[in-house]
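Notes follow the structure.
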Amino acid sequence: MSRSKSKRQEPSTPEPGVTGPAPEESAIPAPESPAEATAPSTQSAPSLSGGAPGAMLRVWFAAYRVEVLLFVVAFVVLSSFSSQRFLRQSAAPHFIYQAQSWLEGRLDVDPQVLPNLEDWACVRQMGGEKVRCEGRPLPDDRWFVSFPSFPAVAMLPFVALHGYQFNDTSFGVIVGALAVALFYSLLRFLAKEGETARTRDENVVLALTLAFGTLFFYCAIRGEVWFSAEVMGVALTCLYVRNALRAHRPGLAGVFFSMATLTRTPLFFAGLFFVLEALCPGPEPRLEQLKALGRNWKPAARKVGLFALGAAPLGLLAAGYNVYRFGRLSEFGHAFLFNNRVNVDIDRWGLFHWEYLGRNLEAAFLKWPSLSLAPLKLGYDPRGLTLLLTLPLLVFLLIPKLRPRLHWPLWLTVAVCALPGLFYQNTGYMQFGFRFSLDYTPYLLLLFAIGGWSLRQRVVLATLALGVLVNFWGAVAFRGYTELVRNW
């Protein structure tokens, strides 16, 4: 919806830690905030003292009922589309094996229990140097998960209860439903802060668009190491952006930033969003704010320092773990993939190179569905599918009606997160669509939220419907590693 001169804000209640009055809507009264509910008064204090847990739960639900309902709806739909997968561990449960190894007191993974040899890192010592295993595995080879490890940390309590049998598929569905609720909460927060003019109903539609109108849909129903990380990355991105906005909670922003980075490495570059918010948090022209930093730079420097302190603990642990495993601070294991089809390219060009740009651009923008008439069949290329179909709202971002304060910070964050994937040795195969785009999909949807296009316009509604239809197709038609290995 286009922004008018008088800002329209979504009716909602101030959340904990957020100051400022909440706008009201006549049709739906604003729920009482937790802070107001717990403030001393002659009427509220006795009720809370008599049944504090139940009263606090009612107050919390009143404040966050939309988030709760979105979580429930997303969980029901995602688990239904997950179908029989929901009841079983996926065929690529790498994070479970990593977590169980930690619980057993070892930093590597026991090769005797590996469920497969797909995308595991194998390290061999030769002449005092760590090298990738070649040929047949040897008894002294060390095996590791070749992905950032935070998803294994998140699964750790559940693996402690269920061991190697823990179901990563249902866990991924729950995280996916939580990500939808968190994205709505982020949109609501932006509206409350005056960054968007979206109403509650519009924010609900945008949250459901993330759930069912993007590649998030099929990724959230599968489990598997590749898709589990993408979905958890979306959830952590929502938490990071909420705390990074205007750099108002730098320490927490740093914590969630490190969690996101240690889930999906490209999200490291999203740190630019916090830096931009710390340097230019106000509505004044950015050039003026940058000039003012020369006179008073300490507040911005303090926020960046707190952000770094928040990110440091997990970052240092991950760096030390990488050195222990692979001998390098920033190596998560893909240079040590065992007998992988990409090793030839890695040996020739490295993990990132301009040589890969063409095929990644093709996978992201130029791959279209195939149509067969005899028999009638609609097909897709597992190397990619154009974002113009899987995220058709993208066209409105190129012609926004408004360019508010967050326009350029969000676009720059999209750019720095997208570039590594475009120069990466792997397009994401096997996949439905260009799955690496899910790293910056939340930022793209935020750009639409601030861009001024009304959700009531027919062309916008048609585009939303197209996105849901295409991603519904992906959710039901994609055949990945689980199907190929277990024939589900």
Side-chain angles (χ1 to χ4, degrees), residues 1-10 14 17-23 186-199 202-203 206 237-238 240-254 256-257 267-308 310-311 393-419 440-454:
M1 179 175 292
S2 301
R3 187 192 299 268
S4 61
K5 291 184 179 179
S6 60
K7 293 181 180 177
R8 293 180 57 201
Q9 291 183 330
E10 177 191 3
V18 179
T19 60
L186 171 60
L187 290 169
R188 186 175 78 158
F189 183 71
L190 290 174
K192 188 186 324 186
E193 293 292 305
E195 300 288 355
T196 78
R198 297 293 179 182
T199 65
E202 289 177 309
N203 288 334
L206 291 175
T237 292
C238 295
Y240 161 62
V241 173
R242 182 190 173 105
N243 289 281
L245 185 70
R246 298 179 187 169
H248 74 298
R249 291 178 179 170
L252 275 177
F256 289 122
F257 166 76
L267 295 179
F268 170 80
F269 299 96
L272 175 65
F273 181 79
F274 179 86
V275 174
L276 294 174
E277 288 293 276
L279 297 180
C280 303
E284 301 83 7
R286 284 187 175 79
L287 186 58
E288 292 182 10
Q289 294 186 68
L290 291 174
K291 289 180 178 178
L293 287 175
R295 300 186 297 271
N296 186 19
W297 55 269
K298 290 184 179 180
R302 177 179 178 276
K303 290 181 177 181
V304 173
L306 290 173
F307 176 78
L393 282 180
L394 190 64
V395 297
F396 297 108
L397 308 187
L398 304 178
I399 46 174
K401 291 189 174 183
L402 297 173
R403 289 182 172 85
R405 186 187 74 83
L406 287 176
H407 178 82
W408 284 113
L410 288 172
W411 263 124
L412 290 172
T413 304
V414 168
V416 296
C417 288
L419 283 176
Y440 43 90
T441 292
Y443 296 100
L444 292 174
L445 290 178
L446 291 179
L447 278 165
F448 178 83
I450 68 173
W453 282 92
S454 171

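The structure presented is a predicted model; accordingly, all values stated were derived computationally and were not measured. All values below were derived from every heavy atom in this structure, side-chain atoms included, with hydrogens, water molecules and symmetry-related copies excluded.
Side chains of R246 and E193 form a contact here, defined as non-hydrogen atoms less than 4.5 Å apart. Side-chain contact check for Y443 versus V241: some heavy-atom pair is nearer than 4.5 Å. Residues L245 and E195 form a side-chain contact, since some pair of their non-hydrogen atoms from C-beta on lies under 4.5 Å apart. Considering only heavy atoms from C-beta on, L444 comes within 4.5 Å of V414 through its side chain. In this structure the side chain of L446 reaches within 4.5 angstrom of the side chain of L186, judged on heavy atoms.
A search for side chain to side chain contact (heavy atoms under 4.5 Å, CB included) contacts involving V416 returns F269, L272, not counting sequence neighbours. Take F396 and apply the ring pair (Phe, Tyr, Trp, His ring centres under 6.0 Å) test, not counting sequence neighbours, and it matches W453.
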Atom pairs and distances, side-chain donor-acceptor, residues 289-308, under 3.5 Å, sequence neighbours left out:
residue, atom, partner, partner atom, Å
Q289, OE1, G282, N, 3.0
Q289, NE2, G282, O, 3.0
Q289, NE2, E284, O, 2.7

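To the nearest 0.5 Å, the span separating CG on L187 from OG1 on T199 amounts to 11.0 Å.
Across L447 and L397, no two heavy atoms sit closer than the pair C-CD2, 3.8 Å. Shortest non-hydrogen contact noted between F274 and Y240 is N-OH, 3.2 Å. Minimum interatomic distance between N203 and A191 (heavy atoms only, all atoms of both residues): ND2-CB, 4.2 Å. For the residue pair L406 and I450, the shortest heavy atom distance occurs at C-CD1, 3.8 Å. Nearest heavy atoms, A311 versus F257: CB-CD2, 4.1 Å. Closest approach of A278 to A247, counting heavy atoms only: CA-CB, 3.7 Å.
For CZ of F448, the number of neighbouring non-hydrogen atoms (other residues, nucleotides, ligands) closer than 6.0 Å is greater than 12.
Evaluation of the salt bridge (Lys or Arg N to Asp or Glu O under 4.0 Å) test over residues 274-283, restricted to residues two or more places apart or in two chains, returns E277-R405.
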